[in-house]
4 protein chains.
Amino acid sequence: MLIHINPQLETPIYTQLANQIIEGIATGRLAPAEELPSVRSLAADLGINLHTVNKAYNYLKQEGFLQVHRQKGAIVSPTPMPAADEFYYQKLHEQLRPMVAESICRQVDEEEFLKLCRSLYQELVTQKEE
Amino acid sequence: MLIHINPQLETPIYTQLANQIIEGIATGRLAPAEELPSVRSLAADLGINLHTVNKAYNYLKQEGFLQVHRQKGAIVSPTPMPAADEFYYQKLHEQLRPMVAESICRQVDEEEFLKLCRSLYQELVTQKEE
Amino acid sequence: MLIHINPQLETPIYTQLANQIIEGIATGRLAPAEELPSVRSLAADLGINLHTVNKAYNYLKQEGFLQVHRQKGAIVSPTPMPAADEFYYQKLHEQLRPMVAESICRQVDEEEFLKLCRSLYQELVTQKEE
Amino acid sequence: MLIHINPQLETPIYTQLANQIIEGIATGRLAPAEELPSVRSLAADLGINLHTVNKAYNYLKQEGFLQVHRQKGAIVSPTPMPAADEFYYQKLHEQLRPMVAESICRQVDEEEFLKLCRSLYQELVTQKEE
DNA sequence: GTGGTCTAGACCACA
DNA sequence: GTGGTCTAGACCACT
């Protein structure tokens with residue numbers, strides 16, 4: 001699975017990394033219980049700092065995406081994620097809110113916005129089914 | 001129009017402020033050409049520093065939501081925002097992508113996700129039509 | 001002679017006004033010794049503050065474009081402006097410098113830049129000759 | 001590359017700084033992808049506040065001259081600036097207009113004015129070719 | 001009274 | 001050590 005880091009982006013590198021791993025899990029390119037590269041080798045591959053990879057792994061562990069074993073390295077959580085709860089929906093809501101607001105100002109109508117979401121679901125889910 | 005700032009949140013205060021003003025514009029609670037409070041008075045009302053308000057106003061000016069007249073204060077841009085272009089859609093896409101990915105992991109299906117978006121459009125647009 | 005003020009511009013209103021009067025003199029639309037509107041009437045016409053017009057007139061007086069008589073109002077200086085001296089050239093140089101620098105960065109070549117200057121001379125001088 | 005700030009001047013310090021960096025890029029004294037000093041060190045060198053340097057850097061980032069990497073500091077944009085578009089020419093036109101007008105009043109003829117522009121192009125471009 | 005600029009000093013996230 | 005953010009207090013140009 002290819003990971004691409006763009007250090008110029010506003011989003012922190014560790015977040016970019018975590019997001020791409022999450023996407024890998026979502027699409028199935030990273031299977032449950034699959035081993036992830038070691039912190040050291042991934043850092044070397046991506047040309048970033050050890051601490052940065054570590055931070056991403058720890059974040060993902062805390063969120064339940066990974067299990068991190070001290071010596072064995074990190075694996076994708078073998079059990080599925082806990083399903084979305086009220087808090088997750090609220091977080092999603094708060095994140096979407098300003099995006100929808102700005103979209104309305106820019107005359108993006110509801111259907112257009114939904115089309116964008118659908119296309120993302122398509123893109124990510126169909127990879128999973130292949 | 002009521003604005004509420006939560007200094008505890010991770011999102012910078014000036015971003016919270018800017019987002020709420022954008023939402024005000026989206027819903028029509030802030031009409032085109034409407035005058036906004038001066039940086040000083042708004043800062044005092046919100047209990048934050050005037051530079052923070054200033055930063056929010058300048059961001060919104062740069063994005064085209066506001067016009068800042070040197071001595072008259074800020075007004076909502078009397079002309080509608082430039083419609084969404086390719087870049088805006090791309091930005092939206094990049095923002096939505098990790099949200100959709102995580103949602104898939106948490107077993108939020110497409111319909112559920114779209115429902116959330118629709119409810120936000122409802123909430124914001126119906127205010128506008130009242 | 002028509003004067004148009006744009007309060008949204010970054011340039012102060014009094015500067016906009018002064019510049020347009022200078023342009024009027026350059027093009028001959030304002031003849032030597034011609035009377036200018038009173039501070040009061042011009043301010044009313046343009047919908048701006050008395051002080052602002054006053055400031056513009058005083059600036060132009062100080063620079064030698066106008067003569068301001070206490071009761072008779074302002075007139076265009078009946079004698080031609082003092083010719084450009086070393087200081088004026090230096091000021092011009094300092095103003096042009098960053099414009100040329102940025103133009104180089106944006107791949108505006110010298111000929112293109114000169115063409116722009118020529119077209120401005122054309123525009124302003126030919127009015128004078130009509 | 002030497003930078004000199006004059007706090008007495010009417011032009012804001014951050015603008016003076018930004019202009020000199022732009023000139024550095026135009027002349028090639030600042031090469032694409034070259035690293036700039038950190039805001040702190042440059043501020044110390046110039047004897048100004050780090051926020052002032054920050055403002056200059058952010059302005060240049062926004063205009064596309066620099067890239068600011070969160071933890072690595074600022075670099076000159078490795079890709080050339082977007083070429084001048086209609087808006088840039090219009091901005092240039094508006095800036096040149098009052099300069100040409102005043103020059104006409106001061107009996108600076110077209111050739112004299114163009115000579116000044118040419119000399120600036122000479123000065124800046126020939127540095128580049130060395 | 002308005003925003004623009006500058007200074008100063010502080011804390012934080014990131015690498 | 002880097003930039004990002006926030007606060008505080010000051011002066012200035014403009015209206």
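Just so it is clear, the model here is predicted, and its values are computed rather than measured. We name chains A, B, ... by the order of the sequence lines, and we start the count at 1 in each one.
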- Task: Quick one: closest heavy-atom pair of D/Leu9 and D/Gln16, and the distance?
- Result: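 That would be CB-NE2, 3.6 Å.
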- DNA chain F-proximal residues of residues 59-76 of chain B, any heavy atom under 4.0 Å: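 DNA chain F contact set from residues 59-76 of chain B: B/Gln71.
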- Message: Heavy atoms within less than 4.0 Å of DNA chain F: which residues of residues 8-20 of chain C have one? Give them sorted by number.
- Response: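 When residues 8-20 of chain C is checked for heavy atoms under 4.0 Å from DNA chain F, the hits, listed by number, are C/Pro12, C/Ile13, C/Tyr14.
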Just so I know, are the side chains of [X] and [Y] near enough to count as touching, which here means a heavy-atom distance under 4.5 Å?
X: A/Asn58; Y: A/Lys55; value: no
X: A/Tyr57; Y: A/Leu42; value: yes
X: C/Ile75; Y: C/Leu36; value: no
X: C/Leu96; Y: D/Leu96; value: yes

- Query: Is the count of non-hydrogen atoms from other residues, nucleotides or ligands lying under 6.0 Å from A/Glu35 atom CD greater than 12?
  - Reply: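 No - once you tally the heavy atoms of other residues, nucleotides and ligands closer than 6.0 Å, there are 12 at most.
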- Message: With the threshold set at under 4.0 Å for non-hydrogen atoms, list the residues of residues 43-56 of chain B touching DNA chain E in residue-number order.
- Response: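 DNA chain E contact set from residues 43-56 of chain B: B/His51, B/Asn54.
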- Pairs involving residues 7-27 of chain D, ordered by first then second residue, that meet salt bridge (Lys or Arg N to Asp or Glu O under 4.0 Å) (sequence neighbours left out):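 Found C/Arg97-D/Glu23, D/Glu23-D/Arg29.
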When the side chains of residues 99-106 of chain D are checked against the rest of the protein, which donor-acceptor pairs come out under 3.5 Å, sequence neighbours left out?
{"residue": "D/Glu102", "atom": "OE2", "partner": "D/Arg106", "partner atom": "NE", "Å": "3.0"}
{"residue": "D/Glu102", "atom": "OE2", "partner": "D/Arg106", "partner atom": "NH2", "Å": "3.0"}
{"residue": "D/Ser103", "atom": "OG", "partner": "C/Tyr88", "partner atom": "OH", "Å": "2.8"}
{"residue": "D/Ser103", "atom": "OG", "partner": "D/Met99", "partner atom": "O", "Å": "2.8"}
{"residue": "D/Arg106", "atom": "NH2", "partner": "C/Glu63", "partner atom": "OE1", "Å": "3.3"}

Of all residues at least two apart in sequence or in a different chain, which pass the side chain to side chain contact (heavy atoms under 4.5 Å, CB included) check with [X]?
X: C/Glu34; value: C/Leu30, C/Ala31, C/Val76
X: C/Ile3; value: C/Met1, C/Ile5, C/Leu17, C/Gln20, C/Ile21, C/Leu46
X: B/His4; value: none

- Message: For residues 36-45 of chain C, which residue pairs pass the side chain to side chain donor-acceptor pair (under 3.5 Å) check, not counting sequence neighbours?
- Response: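 Output for this query lists C/Ser38-C/Ser41.
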- Item | 5'-to-3' dot-bracket of DNA chain E (Watson-Crick, G-U; under 3.5 angstrom; crossing pairs as [ ]; | other strand) | ||||||||||||||.
- Task: Shoot me the first and last contacting nucleotide of DNA chain E against chain D, ordered 5' to 3', at under 4.0 angstrom to non-hydrogen atoms.
- Result: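 First and last nucleotides in contact are E/dT5 to E/dA15.
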- What residues, two or more places apart in sequence or in another chain, satisfy salt bridge (charged side-chain N to carboxylate O under 4.0 Å, His left out) together with B/Arg70?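 Testing B/Arg70 for salt bridge (charged side-chain N to carboxylate O under 4.0 Å, His left out), a comparison that skips the adjacent residues, returns none.
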- Does C/Gln8 offer a backbone N or O that forms a donor-acceptor pair with the side chain of B/Gln67 under 3.5 Å?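 Side chain of B/Gln67 to backbone of C/Gln8, a donor-acceptor pair under 3.5 Å: no, none is there.
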- Query: Which distance, rounded to the nearest 0.5 Å, do you find between the CD1 of B/Ile25 and the CG of B/Leu60?
  - Reply: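 Interatomic distance, B/Ile25 CD1 to B/Leu60 CG, rounded to 0.5 Å: 6.5 Å.
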